[in-house]
There are 2 protein chains.
Amino acid sequence: MQITASDFDPVFAALADHTRRDIVRRAISAEEGILELASHYPMSFAAVQKHVAVLERAGLITKHRIGRRRVVRTNLEALLIARRLLDQYEALWLAQIGRMDELIAERAGAVGTVETKESKR
Amino acid sequence: MQITASDFDPVFAALADHTRRDIVRRAISAEEGILELASHYPMSFAAVQKHVAVLERAGLITKHRIGRRRVVRTNLEALLIARRLLDQYEALWLAQIGRMDELIAERAGAVGTVETKESKR
DNA sequence: CGCTCGTACAACCGTATCGTTGTATCGGTG
DNA sequence: CACCGATACAACGATACGGTTGTACGAGCG
């Protein structure tokens, strides 16, 4: 399956909320139902439920029946997809630094010569 | 300076938009003014300007005067802060896996085998 | 079988966001 | 200094978001 650019939108949007990030964190190491989750936050049960729904739509968590509850588990895959994008940016950055170094090296070679004419935009 | 949890909100929120992610990407390797940036996107100049403002508020980019333009540069630091959070989640995940392995080992040990129980970290 | 625990979902409200257009400002260039 | 290239900002409308309350459903327990 191919990851399209717009797939990142819901993931980052989901992570842009403090409460949702905390749910992700909790759901890594615990297996709580929505009701248990909700007890940690100063908002209604329904509000937490909505946050869980956002996270689920983003693929960051999944729900599984256990007894009469539906426990929430975070899906590492989605987190890694987000991280991969940040890694790409970092790689681009490093490549750019490399290019700058090249330029500097070039200039160093040109030292002493009379200003080469730059035709900048 | 200390990073508080709410500092992540604007960063992830800023990254939750396709156009803004593209601006971040461009601003890594190019030095364009807002007007030049805007030429790449199917929206008004003012809209792009707003996106840039969002990115700037999130600390993801900075603006610098060059001649009569204000060129946009992405700030790797902010990107790394976001990545660091994802790394933390991954570490939590791995720790959790470790804990599960322990449990499994314990059970295996309980099945009459002579397995030495490891008390990890 | 019926109750109730846990969850889902709809309706609503206030505010934020994303786009638009129009106007104001700021700094170089001629 | 006058002009114009480049940016900033205000106002507006449509839509999305984050919270609330209230109601409905479905699965286990007694």
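A, B, ... follow the sequence lines: proteins, then strands. Residue 1 opens every chain.
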- Item | B/S/- contact track for nucleotides 4-10 of chain C, protein heavy atom under 4.0 Å | -SSBBB-
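Residue pairs meeting the salt bridge (charged side-chain N to carboxylate O under 4.0 Å, His left out) criterion with at least one member in residues 46-59 of chain B, sequence neighbours excluded, are B:Glu56-B:Lys63.
Of the possible donor and acceptor atoms, one in the side chain of A:Asp7 sits under 3.5 Å from a partner among the backbone N and O of A:Thr4.
Rounded to whole Å, atom C1' of D:dG18 lies 13 Å from atom CG of A:Leu55. Taking atom CZ of residue B:Arg57 and atom C1' of nucleotide C:dT17, one finds them 10 Å apart after rounding to whole Å. Between A:Tyr41 atom OH and D:dG18 atom P the separation is 15 Å, expressed in whole Å. Atom CD1 in B:Ile66 sits about 16 Å away from atom P in C:dG27, given to the nearest Å.
B:Arg69 has a carboxylate O that lies under 4.0 Å from a charged side-chain N of B:Glu36, or vice versa, which qualifies the two as a salt bridge.
If you find the closest nucleotide of DNA chain D to A:Val48 and to A:Gly67, the one lying nearer the 5' end belongs to A:Val48.
In this model, the phosphate group of D:dG19 is approached by a side-chain N or O of A:His51 to a distance below 4.0 Å at OP1 or OP2. For the pair B:Ser44 and C:dT20, the criterion of a side-chain N or O lying under 4.0 Å from OP1 or OP2 is met.
Closest of all the heavy-atom pairs between B:Ala58 and B:Pro10 is CB-O, 3.4 Å. Contact detail for A:Leu55 and A:Arg20: the closest heavy-atom pair is CD1-O, 3.8 Å. Contact between A:Ala16 and B:Ala13 at its shortest, heavy atoms only, is CB-N, 3.4 Å.
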List the atom pairs, donor and acceptor, that lie under 3.5 Å between side-chain atoms in residues 22-29 of chain A and the rest of the protein, sequence neighbours left out.
unit_1, atom_1, unit_2, atom_2, d
A:Asp22, OD1, A:Arg25, NE, 3.2
A:Asp22, OD1, A:Arg25, NH2, 2.9
A:Asp22, OD2, A:Arg26, NE, 3.3
A:Asp22, OD2, A:Tyr41, OH, 2.7
A:Arg26, NE, A:Tyr41, OH, 3.3
A:Arg26, NH1, A:His40, NE2, 3.4

Please list every donor-acceptor pair under 3.5 Å in which a side-chain atom of residues 70-85 of chain A meets a protein atom from a residue at least two apart or in another chain.
unit_1, atom_1, unit_2, atom_2, d
A:Arg73, NE, A:Glu31, OE2, 2.4
A:Arg73, NH1, A:His64, NE2, 3.4
A:Asn75, OD1, A:Glu77, N, 3.3
A:Asn75, ND2, A:Gly59, O, 3.0
A:Arg83, NH1, B:Asp87, OD1, 2.8
A:Arg83, NH1, B:Glu90, OE1, 2.8

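Between the axis at the start and the axis at the end of the helix from C:dC1-D:dG30 to C:dG30-D:dC1 there is an angle of 20°, using five pairs per end and rounding to 10 degrees.
The closest side-chain heavy-atom distance from A:Arg21 to B:Tyr89 is below 4.5 Å.
Hydrophobic clustering (ILVMFWY, side-chain heavy atoms < 4.5 Å, transitive): B:Val54 and B:Leu37 are in distinct clusters.
Nearest nucleotide to the side chain of B:Met43, out of C:dG19, D:dG19, D:dG18: C:dG19. The side chain of B:Val54 sits closest to C:dC18 out of D:dG19, C:dC18, C:dT20.
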Every protein N/O within reach of nucleotides 1-3 of chain D N/O, cut-off under 3.5 Å:
none

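With rounding to the nearest 0.5 Å, the separation of CZ in B:Phe8 from CG in A:Leu15 is 10.5 Å.
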